[in-house]
Participant: 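Could you have a look at this structure, given as structure tokens, before my questions?
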Amino acid sequence: MEKMLKIQGVGADELAKTYGTPLYIYDQNAIESKMRTFHDHFQSELFETEVLYASKAFCIKEMVRLAKQHDLGLDVVSGGELFTALSAGFDPSRIYFHGNNKSFQEIEEALQAGVGTFIVDNVMEGAYLCEKANLHPDQLHVMIRVNPGVEAHTHEYIVTAHDDSKFGISIHEEETLVELIQQFQSTPSIVFDGFHAHIGSQIFEPQAFETEVEVLAQFIYELQKRYGIETKCFDVGGGFAVHYTDADAPIPIPQVCETIIAACEKQKNKYQLPLQKVMIEPGRSIVAEAGTTLYTIGFQKKTPHRNYLFVDGGMSDNIRPALYQAAYDCDVANRMDETKTIPTCVAGKCCESGDVLIDEILLPASQAGDLLAVYTTGAYGFSMSNHYNRLCRPAVVFVKDGTARCVVKRETYADLLRGECEEG
């Protein structure tokens, strides 16, 4: 084993020296490989398919450009994500606008931009869109987010009502859904395409997706039989698991794609559904494993029960461990060849007791100035980064074929004050 961690042939020490730490590093080759795999395996001879990149996982212009280059559609959930996509030259007709509380301004911005499809999350939004759509010359495509009562998390999934979910309309609220669809159908400028559903995150069991498709197919069939409502499009959502630690065994991308395709083909034939298009929305599964966060190790201390190792970042650049105990793996990047014997708690520099990146992991002996690499941080680290304790957000670097390039500059202290108004 080499002493120094390398990412696409570039040493961690070189990256730290050039760009500083903390530093978000992305293996661009890995990102593009994931995109190609999703695109190539999510195919059917019975209906059109589209892979939508869920940009909430990691949304910068360079990432949007990669999605465009690899023929992916785009899922956005805010005016900011929409603005980023348009600034990167993404085709608005291939943008799907999600969100449970799109503001009036965001809706207007999306309409003016010519966004292809709105994913309608509730009845009030649907009514408002009908009102606004008539004021715009182009037809507006809509899908409804429904709650199928299938929820999947980690290694188990359950089928239940979940009527109180923040997102979507329960499929058990049939009368409400029918009235909303009929409202769309009676609005000349709106085209109702179908339904969207999302059943969870970090899903490890392919059967969960099969169950989702089965439940929704029966629901779609009943709507068609009772009310003559035809569903042309079906968005299965995302939630495909990734590898954070050795405890994780994610479904290989080809398998998850083929499972969903086979389930949709089976249900289309079973119910003779007029299904023309099926979509999925991978986000985390495209970028998470491609990302590594590099820190500089500072002070260390021992308590009666713990060996603390402090780094120059923390919950300001990765809030997931503090929010919901997300687990990660790491290495001392400049001591890759040394034996890991010391039980270590990796803690950040933020003034919160909960600012712990990794509760306990075996690491080699290290000293101030060494580098720590935390793996699989490509999803939601940058997206959820913050200015707590007035810390500056890290730079973002893409590495491809042995060459690194900065795609987001490190913030400066001046950036922290940029929006402040002077007295008077």
Side-chain angles (χ1 to χ4, degrees), residues 24 26 28 31 35 50-121 125 128-129 132-133 135-143 145 167 196 198 235 238 279 281-284 286-287 291 317 319 378-387 392-398 405-412 414-421:
Y24 296 118
Y26 283 84
Q28 184 177 334
I31 292 174
M35 288 181 169
E50 188 173 21
V51 178
L52 315 176
Y53 172 61
S55 64
K56 65 177 182 174
F58 176 50
C59 186
I60 63 170
K61 289 198 296 184
E62 193 60 25
M63 190 64 204
V64 172
R65 292 188 188 109
L66 287 181
K68 179 182 178 181
Q69 290 171 15
H70 290 272
D71 196 31
L72 270 59
L74 199 67
D75 155 359
V76 304
V77 298
S78 72
E81 289 183 355
L82 173 60
F83 181 78
T84 301
L86 297 175
S87 298
F90 201 88
D91 180 358
S93 70
R94 296 195 65 190
I95 295 176
Y96 292 71
F97 197 0
H98 287 256
N100 66 298
N101 189 31
K102 306 174 186 73
S103 70
F104 296 157
Q105 178 180 336
E106 287 174 325
I107 290 173
E108 185 60 31
E109 289 168 353
L111 290 171
Q112 292 291 345
V115 162
T117 304
F118 276 78
I119 311 299
V120 175
D121 206 88
E125 180 191 346
Y128 183 78
L129 273 179
K132 298 298 290 185
L135 303 177
H136 289 265
D138 300 324
Q139 281 194 321
L140 175 65
H141 289 258
V142 300
M143 299 177 70
R145 177 162 181 170
F167 298 105
H196 160 84
H198 182 77
D235 187 338
M279 293 152 281
E281 298 174 349
R284 179 202 314 261
I286 288 177
V287 294
D317 57 77
I319 201 170
Y380 302 109
F382 178 86
S383 293
M384 302 175 80
S385 61
N386 58 82
H387 286 139
C392 297
R393 288 190 176 97
V396 181
V397 171
F398 277 18
R405 60 191 175 100
C406 182
V407 294
V408 178
K409 294 179 181 178
R410 180 177 305 280
E411 288 185 333
T412 66
D415 292 327
L416 298 176
L417 305 179
R418 186 174 50 198
E420 296 193 16
C421 301

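Just so it is clear, the structure is predicted and the values come from calculations on it, not from any experiment.
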Participant: To the nearest 0.5 Å, tell me how far Asp235 CG sits from Leu52 CG.
Facilitator: 5.5 Å
Participant: Give me the atom names and distance for the closest heavy-atom approach of Asp121 to Glu125.
Facilitator: N-OE1, 3.0 Å
Participant: Hydrogens and angles aside, do Arg145 and His98 bring a side-chain donor and acceptor to less than 3.5 Å of each other?
Facilitator: no
Participant: Output the distance between atom NE2 (His198) and atom CG (Asp75), rounded to the nearest 0.5 Å.
Facilitator: 9.5 Å
Participant: When rounded to the nearest 0.5 angstrom, what is the spacing between CD in Glu108 and NE2 in His136?
Facilitator: 4.0 Å
Participant: How far apart are the closest heavy atoms of Ile119 and Tyr96, and which atoms are they?
Facilitator: CD1-CD2, 4.2 Å
Participant: Looking at every non-hydrogen atom in both residues, tell me the closest pair between Ala57 and Gly283 and how far apart they are.
Facilitator: CB-C, 3.7 Å
Participant: Would you indicate whether the side-chain heavy atoms of Arg410 and Asp415 approach each other to under 4.5 Å?
Facilitator: no
Participant: Run Val397 and Val407 through side-chain contact (heavy atoms from CB on, under 4.5 Å) and show every step you take.
Facilitator: CA-CA 6 Å; Val397 171; Val407 294; over 6 Å; no
Participant: I would like to know whether Arg405 and Glu62 meet side-chain contact (heavy atoms from CB on, under 4.5 Å); could you show each step before the answer?
Facilitator: CA-CA 11 Å; Arg405 60 191 175 100; Glu62 193 60 25; 2.9 Å; yes
Participant: Ring centres of Tyr380 and Phe58 under 6.0 Å apart?
Facilitator: no
Participant: Between Val64 and Ala85, which heavy-atom pair has the shortest distance, and what is it?
Facilitator: CG1-CA, 4.0 Å
Participant: Using a 6.0 Å cut-off, check whether atom CD of Gln69 has over 12 heavy atoms from anything other than its own residue.
Facilitator: yes
Participant: Closest heavy-atom contact between Lys61 and Ala88?
Facilitator: O-CB, 3.7 Å
Participant: Would you say the side chain of Met279 lies within less than 4.5 Å of the side chain of Met143, judging by non-hydrogen atoms?
Facilitator: yes
Participant: I need the single residue from Asp71, Val115, Leu72, Thr117 that forms a side-chain contact (heavy atoms from CB on, under 4.5 Å) with Arg94. Which is it?
Facilitator: Asp71
Participant: Please evaluate residues Leu66 and Gln28 with respect to the criterion side-chain contact (heavy atoms from CB on, under 4.5 Å), reporting the C-alpha separation (whole Å), side-chain torsions for both, the decisive distance (0.1 Å), and the verdict.
Facilitator: CA-CA 9 Å; Leu66 287 181; Gln28 184 177 334; 3.7 Å; yes
Participant: Nearest 0.5 Å, what's the SG-NE2 distance between Cys392 and His387?
Facilitator: 6.5 Å
Participant: Do Lys102 and Phe97 form a cation-pi contact, if we require the NZ or CZ to be under 6.0 Å from the six-membered ring centre and within 45 degrees of the ring's axis?
Facilitator: yes
Participant: Which heavy atom in Tyr26 sits nearest to a heavy atom in Val287, and how many Å separate them?
Facilitator: CE2-O, 4.0 Å
Participant: I need the Lys132 NZ to Phe118 CZ distance, nearest 0.5 Å.
Facilitator: 11.0 Å
Participant: Taking Gly79's backbone N and O only, do any of them form a donor-acceptor pair with Glu106's side chain (distance below 3.5 Å, no angle check)?
Facilitator: yes
Participant: Would you say the side chain of Val51 lies within less than 4.5 Å of the side chain of Pro282, judging by non-hydrogen atoms?
Facilitator: yes
Participant: Distance check, rounded to the nearest 0.5 Å: Ser383 atom OG versus Ile60 atom CD1?
Facilitator: 9.5 Å
Participant: Does the side-chain contact (heavy atoms from CB on, under 4.5 Å) test come out yes or no for Tyr24 and Ser385, once each step is laid out?
Facilitator: CA-CA 11 Å; Tyr24 296 118; Ser385 61; 3.6 Å; yes
Participant: Measuring centre to centre across the rings, with the benzene-like ring taken for any Trp, is Tyr128 within less than 6.0 Å of Phe104?
Facilitator: yes
